[in-house]
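Below is one structure, written out as structure tokens; the observations come after it.
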Amino acid sequence: MNYEVFIPHNSSFINSTMSFTDQLAQYLISGITQGSIYALIALGFVTIYNVTGIINFSQGEFAVIGAFIAITAAQKVLLFQGQVTVGLEWPLPVAILAGVAGAVLVGVLLYRLGIQPARHASPLSQIVATIGASIALRGLVLLAWGTDPYRLPPFTAGKPLKLLGAVLTRQGVWVMGLAAVAVVGLYLFFQYTLIGKALRASSANPGAARLMGINTRRMGLIAFALSAGLGALGGIVIAPVTFMTYDRGLMLALKGFVAMIMGGLTNPFGAVVGGLTLGIVESLAAGLISSGYKDAFAFAVLFLVLLVRLGGLIKRGSGEALERAGL
Amino acid sequence: MKFSFGQLAVVGLVAVIAAAPAIVGNNYQVFILTLIGLYTMLTVGLSLVMGYAGQVSLGHATFYGVGAYATALLSARAGWPSWAALIVATALTGLMGFVIGVPIFRLRGHYLAMATLGLNVIFSLILKNEAGITGGPSGFTGIPPLAVGRFVFDSDVRMYYLVWTMVLGSLWLSLNIVNSRVGRALRAIHASEVAAETLGVDANAYKLRVFALAAGFAGLAGGLYAQAVHFISPSSFDILVSVELVTMTAIGGLASVWGSVFGAATVVFLGQFIRDKMALVLAGASGEQEIIVFGLLLVIIMVFLPEGLTAGGLKLIRRWRMADGR
Amino acid sequence: MKNKFHILLTGLVIAALMVSACGQATTAAPTTAPTEPPPTAKPAESPTEVPAAPTEVPAPEEGEPYRIGAFFSTTGPVSSLGQPEWGTVIMLAEGINGDGGIMGPDGKLHKLDVRKYDDQSDATKAVEIAKKLVEEDKVPVIIGGSGSPASIAVIETVTNAGVPFISVASSSLIVTAADGTQNHWVFKTPQQNYPVALVQADWIKAHNITKVASLGVNNAFGADSMAALKRVAGENGLEIVWEGTFEPRDTDFSAQLTAILGTEAEALVVHATPGEGAPLTVQFRAMGFEIPLVHNHGIGNQAFISTAGADAEGVLFPIGKLLVADQLADSDPQKAALLQYQEEYIATFGSKPSTFGGHAWDAMMMVVDALKAVGPDSAAIRDYLETKLTNWVGISGIFNVSAADHTGIGKESLVLVEIKDGGWVYVDPADYANVP
């Protein structure tokens, strides 16, 4: 595995202090890179929510599982604390496919075994059930892969690019590109394909959809499979940049959820914009304000967004209609 | 005088609790039972919030931590007498619950869940970053034990009795609430907030009160924990602990006061069991198995047994017996 | 009906607990402890066979096994430290028991019965386990506590119980009480963070660097290490131009690194363990930094190099001599012990040992020596540890434990190491100015 490397000079070290504008550009680029994975997670949330009305807290785990399966397929890996050696070493594109397929499988299983039986339970039960599922999945990943961070090779080798005085790794380009392709692809899928329209119909009015011959249960399954795939892609594309560990899932899910709320809950474009914005805000705040509170900024943004949306509305009644309106 | 089975059972339980240290005979088991007591106090509050008021709270460990650190700061840094620190810390935590509840309860469902989680994350980060006040990630040592006059609670057994007295008090208080007008109002809100409001129930006020009470219980539990172990660190109050508390509540049944004792005990013993027995299966480490088992348990209970392990199990047995035609 | 059932069940559960507790308290045999039975790897020797101990005829009798209590974080955020520690202890115990055990002061051979538990990187569980070891397993001595909070949390329990405890975590708060004296019953084997910072400062000064950036993991280890650097910087006229943290197990450091790029730092000092240290190093290189990267003693294992790959080249860090054992002079008193540990570890686990495992080795062998001298008597073991460990050759260093110093090793046990060609290369202090 050949990674590009910069070795520091052997002589006196040059003080190259970055200018502030260059720094800002760097924060922006790093923020967009990280924000793209939030966007992909948020897209998964939006897909499932649009079709089934459920918020799937396990969304982050799809990213982790997809990445780990791809990593296992691409390299020699020791599983279960060294008791099992896997030496598939498939070419990268095949490994990526394997990762996505694996995550989709997990998503389907999760739906059939966990979500479908719970569809008549109260929203509280559903929330807690998906949390339980995410915990169990995390435990399984821990059991298999342990606590070490793992990495995929960058999709294309080569020196990082310089953009506006900041460094953009080639993998970063892949990340942003994938997010853009995903959101456009999803939009086209929902607007112009038959399945996409069926999915939209099931979410808008399940009763009528069923009367039209649409199997709403299968729609839920497809939604889960789709969002699992999206999540897996997000995890895989970011693994060369920021590695992957077994417990990344929870924070990814939380931040993806914040991005989704920022974008208005049901709008995929909004989710992507939300994700990118969140990534940039996080990057700027962690660098300029305080690195110790980096994870807190996402929630600060969440509270702000909720405050803004709640402002000026009378709080009455049960949540459903208001939920759909984005509250 | 006739006593109902329920009343006898309660007396029996109290007797068991009172006799436990003598029967158990070693400090380790007493300590475990004390921990169960603390978790019970946390769980009963959470079951009121989640079960009766129907609000998701994924950040309950925040109040646990506030109580612990407030007690620690007041008694170890500010030099207050430990009983005063405990009382004030509890009251402060309850107040904090009320203040936070005001904006938070305008949210619903997932937003509420996220907001409570976010609260916990921010709290954990404050604990770790403000090392000057909290001792940072290395923790806070030197917390004095509770002392009332000359009597110092500095042994495992004494803390056990103190904690369980408080636990029984909190259970009694919760039962009173549940069986009172407030409880009925809460159940009405849970069933349908709109309907309740049309009947003149101010939903928000009730939810706030319950939340503040639960926060108070948690704060008390936190202070007692600090005074029992004399050392607290941020990792004992993070989101994973909050989820553990939700698991305990779920196992005991979301809307069951007595269930909280059962839920807390089950989770602690199950954890121990996994650690001791199942650890032999895979190279001596048990953390992963615990995580998986609890995650699965949560899913199964939420999906199939939303009233908790015992009530749900009872229902299943009843249904099975009826199906048999008996 | 539901409520009564709950009450009954709870009573039953508690009753069951008490019954099982009675059972454990009276039996000596470990019914709940997840111990390994005496070695299964080697062909089982029945207890009546003559053990291969180097004594003359008649063969010594066998006495009761000596118990040792141990707890490590084999799961959770600190597991990358806990697992090699656990593995080392098991390896040593099996080796000793395979030879028949140790010779106690009563002239009998005693096998070792190690009661070990996983505290899941949680301080509360550590306290639970400590109480269990003391009350139920009735061990005369305890080793472990991979993470500093876990070690600090059990100080009270071991002190009240009068059981000596050797910690494998690094915070100075473990052995040093608030009033500056050493905690009577607590010892530790890793170096403090302060001497590590001293070695870093030596190198920094050799290059005439005066401004550094300090980036550390936001846990007890990182916080203590950053504080040590601050102290040393103050003493040596170095300026810390930027200081920041990252969460444990976080792997995106672009924001912090970008902020550092905007400062005048001439070197970056990192306080992390391999889980974060390796990704950080990779991102550091990817961002095109031209200043040198200095880590602390948290990355003393092979996983750091295999995770960071080629980006690890040129990284400098102070560490115990274990990693460069074969480069030491033959006259070095530690060399033999280091090479033997390395050999045994590779034979057992198939990978090179880390310094974390080395700390556990030291703790275990100190206990073994104490048991050989005074047997399973807590107070006597404690006194032995405090007074008899002089010029004691260990893996982490040569220990000189005293009443004023319950750690026993300092700067002299550390060397500066550079990662070159995927391995560790010893850097002589005279060469500091030429490296990397």
Side-chain angles (χ1 to χ4, degrees), chain A residues 49 54-55 57 80-83 113-118 121-144 146 246 250-251 254 257-258 261 290 292-296 298-300 302-303 306-307 310 313 315-320 322-323 327, chain B residues 50-51 54-56 58 103-115 117-122 124-126 128-130 190 192-195 197 203-204 239-240 243 246-247 249-250 254 282-285 287-304 306:
Chain A
Y49 184 75
I54 296 176
I55 300 285
F57 273 94
F80 298 103
Q81 294 179 2
Q83 293 174 21
L113 298 173
I115 307 293
Q116 246 195 299
S122 68
L124 183 75
S125 300
Q126 287 177 347
I127 294 174
V128 179
T130 55
I131 292 174
S134 85
I135 295 173
L137 285 170
R138 177 156 55 95
L140 282 166
V141 170
L142 174 60
L143 199 62
Y246 81 97
L250 185 61
M251 266 305 160
L254 296 181
F257 184 77
V258 174
I261 297 181
S290 162
Y293 283 104
K294 181 164 153 214
D295 284 337
F299 292 103
L302 174 70
F303 290 138
L306 289 175
L307 208 71
L310 287 176
L313 274 154
K315 256 305 77 284
R316 276 292 146 86
S318 94
E320 243 188 287
L322 288 165
E323 267 210 359
L327 289 164
Chain B
M50 286 179 61
Q55 310 300 306
V56 186
L58 292 176
I104 280 207
F105 280 131
R106 303 173 72 195
L107 303 168
R108 290 284 179 283
H110 304 106
Y111 305 101
L112 183 57
M114 268 306 153
L117 246 174
L119 193 68
N120 207 161
V121 169
I122 295 177
S124 289
L125 287 174
I126 293 177
K128 289 214 279 194
N129 285 313
E130 304 307 320
H190 193 182
S192 167
E193 206 162 308
V194 182
E197 297 242 327
N204 242 35
I239 50 178
L240 296 174
V243 174
V246 170
T247 309
T249 314
L254 282 180
L282 266 179
E288 302 97 348
Q289 285 104 315
E290 247 190 82
I291 297 175
I292 299 175
V293 166
F294 283 126
L296 286 174
L297 208 59
L298 208 53
V299 177
I300 294 172
I301 291 179
M302 281 294 115
V303 172
F304 300 110

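Naming: A, B, ... by sequence-line order, numbering from 1 per chain.
Only the side chain of A:Phe57 comes within contact range of chain B, with at least one heavy atom under 4.5 Å from a heavy atom of that chain. In this structure, the portions of B:Val56 lying under 4.5 Å from any heavy atom of chain A include both its backbone and its side chain. For A:Leu250, the part lying near chain B is the side chain, with the backbone staying farther off; criterion is any non-hydrogen pair under 4.5 Å. Interface remark: A:Phe303 contributes side-chain atoms only to the contact with chain B (heavy atom separation under 4.5 Å). Only the side chain of A:Leu302 comes within contact range of chain B, with heavy atoms under 4.5 Å apart. Contacts between B:Leu112 and chain A at a heavy-atom distance below 4.5 Å are absent for every atom of the residue. Looking at A:Leu254, both its backbone and its side chain come within 4.5 Å of chain B, counting heavy atoms on both sides.
Contact count against chain B (heavy-atom pairs under 4.5 Å) is highest for A:Ala136 among A:Ala136, A:Ala298, A:Pro117, A:Ala296. Interface check for chain A: of the options B:Asn129, B:Leu240, B:Val299, B:Val243, the most heavy-atom pairs under 4.5 Å are formed by B:Asn129.
At least one side-chain heavy atom of B:Val121 sits less than 4.5 Å from a side-chain heavy atom of A:Met251.
Going from atom CZ of A:Phe299 over to atom CG of B:Leu117 covers 6.0 Å, rounded to the nearest 0.5 Å. The structure places CG of B:Leu296 at 7.0 Å from CG of A:Leu140, a figure rounded to the nearest 0.5 Å. Between the CD1 atom of B:Ile292 and the CG atom of A:Leu137 there is a distance of 9.5 Å, given to the nearest 0.5 Å. A:Ile135 CD1 to B:Phe294 CZ: the interatomic distance, rounded to the nearest 0.5 Å, is 10.0 Å. Rounding to the nearest 0.5 Å gives a distance of 10.5 Å between CG of A:Leu306 and CE of B:Met114.
Shortest non-hydrogen contact noted between B:Ile126 and A:Tyr293 is CA-OH, 3.6 Å.
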Inset, instruction - Check the pair B:Val246, A:Ile131 against side-chain contact (heavy atoms from CB on, under 4.5 Å), reporting the backbone distance first and the verdict last. - result: CA-CA 10 Å; B:Val246 170; A:Ile131 292 174; over 6 Å; no
